[in-house]
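Structure first, then comments.
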Amino acid sequence: MKNCNFKSVFSIDVEDWFNISNVDSEPKITEWDNLPSRVERNFNKLLDIMLESKVKSTCFFLGYFAKRFPKLVTRAFNEGHEIASHGFYHQLAFKQTPSEFYQDILGSKKLLEDIISDKVYGYRAPSFSVTSENKWFFEKVIDAGYMYDASVFPAKRDNGGMNISTLKPHILKDYDNKLIEFPMSTISYFNRRFCFSGGGYLRLFPYKFIKYCGKIVNKNNILIFYIHPREIDVNHPKLKMNIVRKFKSYINIAGTEKKLKMILKDFDFYTFKDIIT
């Protein structure tokens, strides 16, 4: 791994409006083909914004959408973005068996590599769903041929979260030094870590606060942002869910695009691949 020089990474989890984990209304995989997809429109819009801002991102593709819309993968790759894997079917890692998980992430990697005719280096689990209970996770990521993982969320969350001591990118020594981990960026207040730079956190917090926290993290660590294509689409269909999950999933979508453009202007970005190669 190169000297990080405390860079920033902007990442996109390429999935659709119905890929929200652990809600009763989450559609079954067998229903996906019959749902109105908006990922093509929204991801192309994100790529347009990236092109205008001259920023290269890391795009974690669900294999399902890469197979359904391969032109999205080739466009991102041809414009200099890193192509990485988000698994094939947006299944929570801790709800899969080790074998199921391995087959899912291996299939996605092979598909993406076939589309771009190049190597895929990185993986991120849907909903950051690695926990202290499924540590076989890292072994399977290595077995599938990935060089880095970006799945550890070092704070409390609904679908995962791990209490780790090392918040900087690091090589996992317990796994024969074969995998680099990029923990999600967090900041600590009152001895509690929380995220501010992705998903519902990014939508909820005012931009001045995000920028302030980002600059603090960037003084001595890599700063990681993440977004989903649905988060710039005010008109996408909404799933039925309880009021708490509804707030987390849909708060302030209307303000995300403006916030995104400010982020891309105020920070210097590299891809994960840039950092490790």
Lys NZ or Arg CZ of K7 over Y270 ring: under 6.0 Å, within 45°: yes

Ring centre gap for Y89 and F65 strictly below 6.0 Å: no

Positive for salt bridge (Lys or Arg N to Asp or Glu O under 4.0 Å) with R41, one of D16, D233, D48: D233

salt_bridge(E40, K71) N-O dist < 4.0 Å: no

Check: Y175 ring centroid to F138 ring centroid under 6.0 Å: yes

Quiz item: cation-pi between K215 and F267, 6.0 Å / 45°: yes

Heavy-atom side-chain proximity of I12 to F10 below 4.5 angstrom: yes

salt_bridge(K56, E82) N-O dist < 4.0 Å: no

Aromatic ring proximity Y250/H236, centre distance under 6.0 Å: yes

Pairwise side-chain contact, L172 with H170, heavy-atom cut-off 4.5 Å (strictly under): yes

I49 vs K261 side-chain heavy atoms within contact, under 4.5 Å: yes

Y226 side chain reached by H228 side chain, heavy atoms, under 4.5 Å: yes

Between F272 and F182, ring centroids under 6.0 Å: yes

Y121 six-ring face occupied by K119 cation (under 6.0 Å, within 45°): yes

